[in-house]
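Down below is the structure, laid out as structure tokens.
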Amino acid sequence: DERFSTEHLIHNKDEQELIRLSIRSAMKRLDQRDQDVLRARYFEEEHPTLNEIGKRLGGVSRERVRQLETRALKRMKKRLLKRPEILEVV
């Protein structure tokens with residue numbers, strides 16, 4: 001079965017590593033506030049609510065956190081789609 005061949009598994013692992021490194025690189029180019037929002041929403045084990053993230057950011061509203069998240073995701077997508085090696089994977 002091709003899904004379980006060693007070559008296929010290595011290829012998938014390489015793709016995963018490429019994606020992980022590309023996301024890390026794109027995250028570093030965001031401002032700190034955007035990074036904080038995305039880390040909280042997607043990379044923490046327990047995903048805090050928008051209200052909880054707002055409190056961490058100095059008392060901003062959950063709507064503002066949602067706006068920051070949307071903006072940060074758009075910026076990430078734009079940066080990631082500029083990378084030809086990512087386009088080959090996705």
Side-chain angles (χ1 to χ4, degrees):
D1 188 344
E2 184 182 309
R3 293 178 299 151
F4 300 107
S5 72
T6 304
E7 183 179 311
H8 184 76
L9 292 174
I10 290 171
H11 184 69
N12 280 345
K13 191 173 184 176
D14 290 343
E15 286 178 356
Q16 289 172 358
E17 182 66 10
L18 174 64
I19 291 169
R20 188 181 67 75
L21 291 172
S22 297
I23 289 172
R24 180 182 290 167
S25 174
M27 284 280 288
K28 286 180 181 178
R29 297 185 65 194
L30 297 174
D31 65 38
Q32 190 62 49
R33 189 179 220 182
D34 288 351
Q35 287 182 39
D36 293 343
V37 169
L38 291 183
R39 279 194 187 100
R41 293 291 285 164
Y42 298 100
F43 299 108
E44 289 183 7
E45 225 173 275
E46 292 187 27
H47 303 292
T49 65
L50 295 174
N51 284 328
E52 291 168 338
I53 296 169
K55 288 177 185 175
R56 290 184 196 177
L57 297 175
V60 301
S61 70
R62 68 181 191 168
E63 176 59 21
R64 182 65 183 138
V65 173
R66 189 197 61 73
Q67 291 168 357
L68 291 168
E69 176 186 12
T70 300
R71 181 185 73 182
L73 288 172
K74 284 180 183 178
R75 289 177 175 173
M76 287 280 295
K77 181 179 178 181
K78 183 178 177 182
R79 288 189 173 110
L80 289 171
L81 291 178
K82 285 183 179 180
R83 299 184 65 149
E85 66 274 15
I86 290 294
L87 292 175
E88 293 174 12
V89 174
V90 293

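From a predicted model like this one, the values you see are computed outputs, not experimental measurements.
- Linking ILVMFWY residues whenever their side-chain heavy atoms come closer than 4.5 Å, directly or via other members, places L80 and F43 in the same cluster.
- Between E69 and R66 there is no salt bridge, since none of the side-chain N atoms of the basic residue sits less than 4.0 Å from a carboxylate O of the acidic one.
- Around the CZ atom of R56, the shell of radius 6.0 Å holds more than 12 heavy atoms that belong to other residues, nucleotides or ligands.
- Ion pairing between K55 and E52 fails under the 4.0 Å rule for side-chain N and carboxylate O.
- Taking both residues in full, the closest heavy atoms of A40 and P48 are given as O-CD, 3.2 Å, listed atom of the first, atom of the second, then distance.
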Would you mind writing out the side-chain donor-acceptor pairs for residues 23-33 within the sub-3.5 Å range, not counting sequence neighbours?
from, atom 1, to, atom 2, distance (Å)
D31, OD1, R33, N, 3.3
D31, OD1, D34, N, 2.8
Q32, NE2, D36, OD1, 2.9

(Q) Would L50 and R64 count as a side-chain contact (heavy atoms from CB on, under 4.5 Å) here? Give the steps. (A) CA-CA 9 Å; L50 295 174; R64 182 65 183 138; over 6 Å; no
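- When L68, T70, V60 are each tested for a side chain to side chain contact (heavy atoms under 4.5 Å, CB included) with V37, only one passes: L68.
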Q: Might you work through the side-chain contact (heavy atoms from CB on, under 4.5 Å) test for Q16 and R20, ending with a clear yes or no?
A: CA-CA 6 Å; Q16 289 172 358; R20 188 181 67 75; over 6 Å; no
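- Residues M76 and I53 do not share a hydrophobic cluster, clusters being chains of Ile/Leu/Val/Met/Phe/Trp/Tyr side chains in contact below 4.5 Å.
- The shortest non-hydrogen separation linking L73 to Y42 is CD1-OH, 3.5 Å.
- Closest non-hydrogen pair, H47 versus E44, comes out as CE1-O, 3.3 Å.
- Within the 4.5 Å cutoff, no side-chain heavy atoms of R71 are placed close to those of Q67.
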